[in-house]
Amino acid sequence: MEVDRFIDILETDFYTGVPDSQLKGLCDFLMEKYGINQKHHIIAANEGNSVALAAGYFLATGRIPVVYMQNSGEGNIINPVASLLNNNIYAIPEIFIIGWRGEPNVHDEPQHIFQGRITLKLLSDIDVDYFVLTKDTTDEEVANQMLIFKKVLEQGKSVAFVVKKGALTYSKKTVYKNNNTIFREEVIKHITDCAKDDLIISTTGKASRELFEIREKNKQSHKYDFLTVGSMGHCSSIALGIALNTPTKKIWCIDGDGAVLMHMGAMAIIGNSNPDNFIHIIINNAAHETVGGMPTVADSINFAEIARGCGYKYIASVDNYDDLDKELKIIKNKNVLSALEIKCKLGSRQDLGRPTTTPIENKKLFMQIVRNQ
């Protein structure tokens, strides 16, 4: 069904969430209608952040908010839904719109398979009534379901629309861009050239896909790379665990701005742990590019100062290849906890592929090289 009709049926004017490719039509519609507007639409750091923000909206206005997310975000909402919203506690009602990745019997990436299988069960377990939208769902069916949901919401309980691929459509094409000039894939190539046989842990999304293809193009082994295909926001914590237990090897963490924002508290733990073999690269295009390009708040915050405040010892920020190569050489040769922000252009190759090895194969090969050092 058309997104604008769906929005009309919901009869609410506040939306917050984390973008999802399955919900691109909804996300684009919200950006066209509201942009980033504190009264109507806020893109949150993570899904739990969205739930709490929406709860605040309800407490202040008495009106029902909407929280949107990919189903991978269900893990982030379990605590605030179970210990804040639940009608045995504060009885705060919210409407969830959840993109269903990894839907059973539909081909998807490995990180979505198990999450897709348990999507509906998790909602039931946290006492959230749900309705599944498909390509064939009619406007009338959604309107009737919303009448049922209104009675549930009146009891202080939350409800969810679980959206299958293609169920929500939006005809207008929304273009996202920034003013940066250098490309992420080329940046990652510069990093691999400098890192050589150091270990690289890369974040969820296109960064890991580009790292994999760079190795393929250069006929290099993938054994030095751990591709974090799921668990967005946790790449740096994985890298920290590796760095603390492989002190003789440099660890390069290739992170993204959206991922860093999602669980930014990890930087405080990294800074406090202070591993001198840890290099934290933050590729900042101020966007959730992998799921459609919607903006993050990364263009209005200072990652270098955040890293400094968390205890990183060497910090730099670059926006061109000459400065990038200069800083890569510096941090390669330093033995201190380092952070390098790289401001990149939005966009990737249209023919960008996906890893042809499985996560298990990646893990085994990576562990062999790490444990044999």
Asker: When you look at CG of Asn333, are more than 12 heavy atoms from neighbouring residues, nucleotides or ligands closer to it than 6.0 Å?
Answerer: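 It does: Asn333 CG has more than 12 such atoms within range.
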Asker: Between the side chains of Glu140 and Thr138, is a donor N or O closer than 3.5 angstrom to an acceptor N or O?
Answerer: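 Not at all, the side chains of Glu140 and Thr138 share no donor-acceptor pair under 3.5 Å.
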Asker: Considering non-hydrogen atoms only, spot the tightest contact between Asn87 and Gln155 and give its length.
Answerer: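 Residues Asn87 and Gln155, closest heavy atoms: CB-O, 3.9 Å.
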Asker: Counting only N and O atoms by type, is there a donor-acceptor contact under 3.5 Å from the side chain of Glu47 to the main-chain atoms of Ile77?
Answerer: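 Checked: no pair found.
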Asker: Check salt bridge (Lys or Arg N to Asp or Glu O under 4.0 Å) between Lys189 and all other residues, then give those that pass, not counting sequence neighbours.
Answerer: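 Once residues adjacent in sequence are excluded, the partners of Lys189 under the salt bridge (Lys or Arg N to Asp or Glu O under 4.0 Å) criterion are Asp193.
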Asker: Can you say whether the rings of His222 and Phe212 are parallel (under 30°), tilted (30 to 60°) or perpendicular (over 60°)?
Answerer: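 Ring orientation, 0 to 90° scale: parallel.
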Asker: Can you tell me how far apart OH (Tyr176) and SG (Cys27) are? Round to the nearest 0.5 Å.
Answerer: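 Answer rounded to 0.5 Å: 7.0 Å.
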Asker: Looking only at non-hydrogen atoms, find the nearest pair between Asn285 and Asn178 and report the distance.
Answerer: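 What the structure gives for the nearest pair is O-ND2, 3.0 Å.
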Asker: May I ask you to test the Ser317-Lys343 pair for a side-chain heavy-atom distance under 4.5 Å?
Answerer: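 Ser317 reaches Lys343 side chain to side chain.
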Asker: If you compare all heavy atoms of Ile64 against all heavy atoms of Pro93, which two are closest, and at what distance to 0.1 Å?
Answerer: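 Answer, listing the atom of Ile64 first, then Pro93: CD1-CG, 3.4 Å.
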Asker: If you count the non-hydrogen atoms of other residues, nucleotides and ligands that lie under 6.0 Å from CG in Asp351, is the total more than 12?
Answerer: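 Counting other residues, nucleotides and ligands, CG of Asp351 exceeds 12 neighbours.
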Asker: Do any pairs count as a salt bridge (Lys or Arg N to Asp or Glu O under 4.0 Å) and have a residue in residues 103-121, sequence neighbours left out, and if so which ones?
Answerer: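 Qualifying pairs: Arg101-Asp108, Glu103-Lys164, Glu109-Arg354, Lys121-Asp125.
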Asker: With no hydrogens and no angle check, do the side chains of Asn362 and Thr357 hold a donor and an acceptor under 3.5 Å apart?
Answerer: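 Judged by distance alone, the side chains do not pair up.
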Asker: Roughly how far, to the nearest 0.5 Å, is CZ of Arg349 from CZ of Arg209?
Answerer: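 Those atoms lie 9.0 Å apart.
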Asker: Do Ile182 and Ile283 belong together in a cluster built from hydrophobic side chains that touch within less than 4.5 Å?
Answerer: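 Ile182 and Ile283: one cluster.
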Asker: So among Phe96, Phe149, Tyr68, Tyr130, which one has a ring-ring contact (aromatic ring centres under 6.0 Å, His included) with Phe161?
Answerer: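 Testing each of Phe96, Phe149, Tyr68, Tyr130 against Phe161, the sole residue satisfying ring-ring contact (aromatic ring centres under 6.0 Å, His included) is Phe149.
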Asker: Is it possible for you to say whether Phe183 and Leu352 belong to one hydrophobic cluster, with membership spreading through side-chain heavy-atom contacts below 4.5 Å?
Answerer: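 Not linked; separate clusters.
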Asker: Checking Asn180 side chain against Cys344 main chain: does a donor-acceptor pair fall under 3.5 Å?
Answerer: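 Checking the backbone N and O of Cys344 against the side chain of Asn180, a donor-acceptor pair under 3.5 Å is found.
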Asker: Is a side-chain N or O of Asn46 found less than 3.5 angstrom from the main chain of Met262, in a donor-acceptor match?
Answerer: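 Confirmed, Asn46 side chain pairs with Met262 backbone.
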Asker: Can a donor-acceptor pair be found, under 3.5 Å and without considering hydrogens, that links the side chain of Asp225 to the backbone of Ser202?
Answerer: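 Not a single qualifying donor-acceptor pair exists.
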Asker: Do Ser338 and Lys313 pass the side chain to side chain contact (heavy atoms under 4.5 Å, CB included) test, and can you show the C-alpha distance, the side-chain angles, and the key distance before you say yes or no?
Answerer: CA-CA 6 Å; Ser338 303; Lys313 298 301 183 287; over 6 Å; no
Asker: Taking Gly230's backbone N and O only, do any of them form a donor-acceptor pair with Thr204's side chain (distance below 3.5 Å, no angle check)?
Answerer: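 Looks like yes, one N/O pair under 3.5 Å.
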Asker: If you count the non-hydrogen atoms of other residues, nucleotides and ligands that lie under 6.0 Å from NZ in Lys165, is the total more than 12?
Answerer: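 Result for NZ/Lys165: open.
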Asker: Between Tyr170 and Leu26, is any pair of side-chain heavy atoms under 4.5 Å apart?
Answerer: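 Sidechains of Leu26 and Tyr170: no contact.
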Asker: With rounding to the nearest 0.5 Å, note down the distance linking CG in Asn218 to OG1 in Thr192.
Answerer: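 Rounded to the nearest 0.5 Å, the CG-OG1 separation comes out at 6.5 Å.
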Asker: Do Trp100 side-chain atoms and Asn71 backbone N/O form a donor-acceptor pair below 3.5 Å?
Answerer: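 Answer holds: no.
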Asker: Tell me whether Lys206 at atom NZ has more than 12 heavy atoms from other residues, nucleotides or ligands lying less than 6.0 Å away.
Answerer: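 It does: Lys206 NZ has more than 12 such atoms within range.
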Asker: Atom CD of Glu185 and atom NZ of Lys345: how far apart are they, to the nearest 0.5 Å?
Answerer: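 Rounded to the nearest 0.5 Å, the CD-NZ separation comes out at 15.0 Å.
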Asker: Other members of the hydrophobic cluster containing Leu53, with the 4.5 Å side-chain heavy-atom rule, please.
Answerer: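 Other cluster members: Phe14, Ile42, Tyr57.
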Asker: Would Leu199 and Phe226 count as a side chain to side chain contact (heavy atoms under 4.5 Å, CB included) if you check the C-alpha gap in whole Å, the side-chain angles of each, and the deciding distance to 0.1 Å?
Answerer: CA-CA 8 Å; Leu199 302 178; Phe226 182 83; over 6 Å; no
Asker: Say whether, by atom type as modelled, one donor and one acceptor occur between the side chain of His41 and the main chain of Gly35 under 3.5 angstrom.
Answerer: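 Indeed, once roles are kept as given, a pair shorter than 3.5 Å links the two residues.
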Asker: With side chain to side chain contact (heavy atoms under 4.5 Å, CB included) as the test, would you mind laying out the steps for Asp197 and Lys249 before giving the verdict?
Answerer: CA-CA 9 Å; Asp197 62 351; Lys249 198 73 172 174; 3.6 Å; yes
Asker: Are the side chains of Glu341 and Val318 in touch, meaning some heavy atoms are under 4.5 Å apart?
Answerer: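 Answer no - side chains too far apart.
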Asker: Which atom names give the shortest non-hydrogen contact between Ala55 and Glu94, and what distance separates them?
Answerer: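 Between these two residues, the closest heavy atoms are N-OE2, 3.1 Å.
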Asker: How long is the straight-line distance from CD of Gln115 back to CD of Glu74, given to the nearest 0.5 Å?
Answerer: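 Reported to 0.5 Å precision, the distance equals 5.5 Å.
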Asker: Which residue pairs pass the salt bridge (Lys or Arg N to Asp or Glu O under 4.0 Å) test when at least one of the two sits in residues 319-338, sequence neighbours left out?
Answerer: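 Found Asp198-Lys332.
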Asker: How close do Ser348 and Glu210 get, heavy atom to heavy atom, and via which atoms?
Answerer: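 The pair with the smallest heavy-atom distance is CB-OE2, 3.7 Å.
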Asker: Which residues pass the ring-ring contact (aromatic ring centres under 6.0 Å, His included) test with Tyr314, not counting sequence neighbours?
Answerer: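 Listed in chain order: nothing, the list is empty.
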Asker: Is it possible for you to say whether Tyr224 and Ile242 belong to one hydrophobic cluster, with membership spreading through side-chain heavy-atom contacts below 4.5 Å?
Answerer: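 Yes, it is one cluster - the side chains of Tyr224 and Ile242 are joined through contacts under 4.5 Å.
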Asker: Please examine the side chains of Met146 and Ile95, heavy atoms only from C-beta on, and report whether any two atoms are closer than 4.5 Å.
Answerer: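 Ile95 vs Met146: side chains touch.
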Asker: Please test His190 against Tyr321 for ring pair (Phe, Tyr, Trp, His ring centres under 6.0 Å), starting from the C-alpha separation and ending with a verdict.
Answerer: CA-CA 9 Å; His190 283 236; Tyr321 294 121; 5.2 Å; yes
Asker: Report yes or no: do Phe131 and Ile148 belong to one cluster of Ile/Leu/Val/Met/Phe/Trp/Tyr joined by side chain heavy-atom distances under 4.5 Å?
Answerer: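 Phe131 does not cluster with Ile148.
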Asker: Could you tell me if the side chain of Lys157 sits less than 4.5 Å from the side chain of Asp127, heavy atoms only?
Answerer: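 Asp127 reaches Lys157 side chain to side chain.
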Asker: Roughly how far apart are Glu141 CD and Ile9 CD1, rounded to 0.5 Å?
Answerer: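 CD1 of Ile9 is found 10.5 Å from CD of Glu141.
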Asker: Please walk me through it: do Arg308 and Glu305 pass salt bridge (charged side-chain N to carboxylate O under 4.0 Å, His left out)?
Answerer: CA-CA 5 Å; Arg308 193 181 314 278; Glu305 288 305 311; 3.4 Å; yes
Asker: Running the 4.5 Å side-chain criterion over Ile, Leu, Val, Met, Phe, Trp and Tyr, what cluster does Ile270 land in, apart from itself?
Answerer: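 So far as hydrophobic clustering goes, Ile270 is joined with Leu240, Leu244, Val260, Leu261, Met264, Met267, Ile269, Phe278, Ile282, Val297, Ile301, Phe303, Ile306, Tyr312, Ile315, Leu337.
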Asker: If Ile, Leu, Val, Met, Phe, Trp and Tyr residues are connected whenever their side-chain heavy atoms lie under 4.5 Å apart, and connections chain through other members, are Leu227 and Phe366 in the same group?
Answerer: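 Not linked; separate clusters.
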Asker: Please find the pair of heavy atoms, one from Ala160 and one from Leu123, that lie closest to each other, and give the distance.
Answerer: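 Looking at all heavy atoms of both residues, the closest pair is CB-CD1, 4.1 Å.
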Asker: Check whether any side-chain N or O of Thr358 sits under 3.5 Å from a backbone N or O of Glu361 as a donor-acceptor pair, and report yes or no.
Answerer: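 Yes.
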Asker: Can you tell me if Asn86 uses its side chain to pair, donor with acceptor, with the backbone of Ala82 under 3.5 Å?
Answerer: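 Checking the backbone N and O of Ala82 against the side chain of Asn86, no donor-acceptor pair under 3.5 Å is found.
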Asker: Could you tell me if the side chain of Leu211 sits less than 4.5 Å from the side chain of Ile200, heavy atoms only?
Answerer: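 Yes; the side chains approach each other to less than 4.5 Å.
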Asker: Under 3.5 Å, is there a donor-acceptor pair between the side chain of Thr61 and the main chain of Arg63?
Answerer: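 At least one qualifying donor-acceptor pair exists.
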Asker: In sequence, state the C-alpha distance, the side-chain angles, and the governing distance for Met69 and Asn76, and then conclude on side chain to side chain contact (heavy atoms under 4.5 Å, CB included).
Answerer: CA-CA 10 Å; Met69 71 189 78; Asn76 283 333; over 6 Å; no
